[in-house]
Amino acid sequence: MKKWSMTQNLTFHEQLEAGIRYFDLRVSSKPGEPGHEIYFIHGLFGIKVHEGLVEINNFLSAHPKEVVFLDFNHHYAMNERHHNYLITMLQEVFGQKLCKTECVEEITLEYLWEKKYQVLVFYHHPAAEECQYMWPGNRIPAPWANTTDAYKLIQFLETTLGERAKYGTFHVSQAILTPRVRTVVRGLIKGLRKYLVERNLPTIMEWVRTQKPGANGVNIITSDFVDLVDFATTVIQLNNLLLPQKAIK
């Protein structure tokens, strides 16, 4: 089960050090557990959310010009008390680092540095609608291909980029393959990384290298097991395409 639930080998700190700045987060309470503690979850329970947030905040405090996107897009076994606890926790941990909801087009690095904002939190649940520091989920669509075929995935990514809203939202290209039941059965021993990701990653990374960022291109790209290749550097280098040609050496 663990081999098919894990999608990353690196801790938050290790991913941040590697250049990752967007996190796809799913959270849950533990049914039957007293109190309202919240945990990260993906098939299996992970660490407490508070531990992960503190780890991220420590990195940001040490690197005041870095910015992260925290996308809380799945909430399991959570009632109103759980949501209030999590939203309050986010505000207490990050404090003035939290970026208020604004027009997406105004969120430049210069703007964030001027305001000393370092964290954009996207919260896909009505419980956060009244909080000015929680961005609604519809401001960061992340279309999901739901396929095990790398070529179908790339077709899907191209199609959804073409349909991307021109204004008002961020956009996540999920360069991720999704195992089906028969996939898990066939590769039960090997797990997600060895059976599905490793053999398809070269095809996916080739697509990433051919992209261009900007209003008509990619914005945020996600991948499983970013440590298998130099994923973050490859994505970051795409920004050079936005620079004047004379500035590219």
Side-chain angles (χ1 to χ4, degrees), residues 1-8 10-13 15-16 20-61 67-102 104 107 117-146 168-172 174 176 178-181 184 192 220 222 224:
M1 184 67 179
K2 182 178 179 181
K3 288 183 178 180
W4 284 97
S5 295
M6 286 185 61
T7 57
Q8 304 293 344
L10 305 180
T11 65
F12 280 118
H13 180 79
Q15 289 186 62
L16 288 163
I20 302 301
R21 295 295 180 267
Y22 167 90
F23 293 97
D24 175 330
L25 303 171
R26 295 104 191 275
V27 294
S28 177
S29 70
K30 285 186 178 180
E33 181 180 84
H36 39 258
E37 194 61 72
I38 307 294
Y39 300 82
F40 293 114
I41 189 170
H42 193 264
L44 298 172
F45 285 104
I47 63 173
K48 293 178 181 179
V49 170
H50 186 265
E51 293 176 13
L53 299 185
V54 169
E55 191 174 350
I56 293 169
N57 187 58
N58 289 341
F59 176 88
L60 294 174
S61 295
V67 178
V68 298
F69 287 56
L70 305 182
D71 190 359
F72 288 85
N73 51 60
H74 287 74
H75 305 81
Y76 302 103
M78 290 176 59
N79 58 31
E80 184 178 354
R81 283 199 320 152
H82 293 109
H83 284 288
N84 290 339
Y85 173 69
L86 177 54
I87 292 167
T88 300
M89 182 197 306
L90 285 160
Q91 294 174 305
E92 290 178 349
V93 171
F94 294 117
Q96 295 182 345
K97 293 185 179 77
L98 287 171
C99 177
K100 296 179 182 179
T101 56
E102 300 280 1
V104 167
I107 307 301
Y117 293 150
Q118 291 183 266
V119 185
L120 280 77
V121 175
F122 296 85
Y123 205 94
H124 298 239
H125 193 276
E129 286 179 349
E130 301 302 317
C131 182
Q132 62 181 334
Y133 296 100
M134 302 290 114
W135 290 64
N138 61 12
R139 302 285 284 277
I140 191 164
W144 176 42
N146 191 19
T169 70
F170 297 96
H171 183 89
V172 180
Q174 295 197 66
I176 292 170
T178 305
R180 304 182 189 281
V181 173
V184 176
L192 177 67
I220 298 166
T222 61
D224 289 335

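We're numbering straight along the sequence, starting at 1.
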Measure the shortest side-chain to side-chain distance between [X] and [Y] over non-hydrogen atoms and say whether it is less than 4.5 angstrom.
| X | Y | answer |
| --- | --- | --- |
| M78 | V27 | yes |
| L25 | H74 | no |
| S28 | F45 | yes |
| T101 | P136 | yes |
| F23 | D71 | no |
| M89 | Y85 | yes |
| L70 | L53 | yes |
| V68 | Q118 | no |

Short side-chain to backbone donor-acceptor contact, [X] and [Y], under 3.5 Å:
| X | Y | answer |
| --- | --- | --- |
| Q15 | I20 | no |
| H82 | N79 | yes |
| R139 | F122 | no |
| Q132 | K100 | no |

Rounded to the nearest 0.5 Å, what separation is found between the [atom1] atom of [X] and the [atom2] atom of [Y]?
| X | Y | atom1 | atom2 | value |
| --- | --- | --- | --- | --- |
| I220 | Y22 | CD1 | OH | 6.5 Å |
| L60 | K97 | CG | NZ | 6.5 Å |
| W135 | C99 | CH2 | SG | 5.0 Å |
| N73 | R26 | CG | CZ | 5.0 Å |
| K30 | I41 | NZ | CD1 | 9.5 Å |
| I87 | E130 | CD1 | CD | 10.5 Å |

Pair [X] and [Y], ring centroids less than 6.0 Å apart:
| X | Y | result |
| --- | --- | --- |
| H75 | H124 | no |
| F72 | H125 | no |
| F94 | Y133 | no |

Contacts of Q96 meeting side chain to side chain contact (heavy atoms under 4.5 Å, CB included) (sequence neighbours excluded), chain-then-number -> none
Under the criterion side-chain contact (heavy atoms from CB on, under 4.5 Å), I'd like the reasoning laid out for I107 against E102: C-alpha separation, chi angles, the key distance, then a yes or no. CA-CA 7 Å; I107 307 301; E102 300 280 1; 3.8 Å; yes
Tightest non-hydrogen contact, residues Q174 and A142, listed as NE2-O, 2.8 Å
Residues V49 and F40: closest non-hydrogen pair is CA-CE1, 3.5 Å
Between Q91 and the options V121, L86, L98, the side chain to side chain contact (heavy atoms under 4.5 Å, CB included) test singles out L98
Between the side chains of Y39 and E33, is a donor N or O closer than 3.5 angstrom to an acceptor N or O? yes
